[in-house]
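The next block holds one structure in the form of structure tokens; read it before the comments.
Atoms considered below: every heavy atom in the structure, side chains included; atoms not considered: hydrogens, waters and symmetry mates. Just so we're clear, the structure is a prediction, and the values are computed from it rather than from any experiment.
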Amino acid sequence: MPTHQTFMQEALREARKSLKEGGIPIGAVLVEDAKIISRGHNQLLQRGSTVLHGEMDCIENAGRLKGADYRRCTLYTTLSPCEMCSGMIILYKIPRVVIGENETLKGPEALLRENGVEVLNLDLPECRKLMGDYIKTNSKLWDEEMERVGY
């Protein structure tokens, strides 16, 4: 049986894919009944998008699922979801979110919990290092992104 670590490694694979493409290293996988049904990674820079965060890209790539399907899913993401991504999680009633870390950026995890979403932080040094290294190397770009979303 796959573990949280197994699925988070797949989300990290997506984050590294984004980095290799010149993007921000955030990745996500959507798991239904212990099987990955979708993958995604941050594509703000690669596609000039304003909304394709790793979580949003992952859900977009899942296609139009039925409500019952979303309610059997767990979303794995390398970084704590922002307000937009958290809203999507709440909207589609995804019951569980497993995050790689929340020190680099902490989204509204309390809002997720208040809306019945189980939030599990694996607090993985590998996720922190990936984002921390990116921010150090691309501090101006990161600051611009954070300013854009009000952090």
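- For N138, the side chain to side chain donor-acceptor pair (under 3.5 Å) test picks out no residue, with sequence neighbours left out.
- Residues satisfying the side chain to side chain donor-acceptor pair (under 3.5 Å) test with Q43, not counting sequence neighbours, are D57.
- The side chain to side chain donor-acceptor pair (under 3.5 Å) search around D143 returns none, not counting sequence neighbours.
- Legend: salt bridge (charged side-chain N to carboxylate O under 4.0 Å, His left out) pairs involving residues 16-28, not counting sequence neighbours, sorted by first then second residue: R16-E126.
- With sequence neighbours excluded, the residues forming a side chain to side chain donor-acceptor pair (under 3.5 Å) with K129 are D133, listed by chain and number.
- Residues passing the salt bridge (Lys or Arg N to Asp or Glu O under 4.0 Å) test with E114, sequence neighbours excluded: none.
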Could you go through residues 49-56 and list every donor-acceptor pair under 3.5 Å that involves a side-chain atom there, pairing it with any protein atom two or more places apart or in another chain?
| from | atom 1 | to | atom 2 | distance (Å) |
| --- | --- | --- | --- | --- |
| S49 | OG | V51 | N | 3.0 |
| S49 | OG | L52 | N | 2.9 |
| E55 | OE2 | T77 | OG1 | 2.9 |

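- Using bins of under 30°, 30° to 60° and over 60° for the plane-to-plane angle, the ring pair Y134/W142 lands in the perpendicular bin.
- Taking each heavy atom of G107 and S80 in turn, the nearest pair found is N-OG, 2.9 Å.
- Remark: R148 engages E145 in a salt bridge (Lys or Arg N to Asp or Glu O under 4.0 Å) (not counting sequence neighbours).
- Scored by the salt bridge (Lys or Arg N to Asp or Glu O under 4.0 Å) test, R39 finds E10, E14 as partners (sequence neighbours excluded).
- Annotation for T78 and I26: closest pair OG1-CA, 3.4 Å, computed over non-hydrogen atoms.
- For the side chain to side chain contact (heavy atoms under 4.5 Å, CB included) test, residues two or more places apart in sequence or in another chain that qualify with T104 are L79, E101, R128, M131, I135.
- Within the 4.5 Å cutoff, side-chain heavy atoms of C127 are placed close to those of L12.
- Listed by first and then second residue, the side-chain hydrogen bond (donor to acceptor under 3.5 Å, both in side chains) pairs that reach into residues 82-93 are E83-Y151, sequence neighbours excluded.
- For E32, the salt bridge (Lys or Arg N to Asp or Glu O under 4.0 Å) criterion is met by R72, not counting sequence neighbours.
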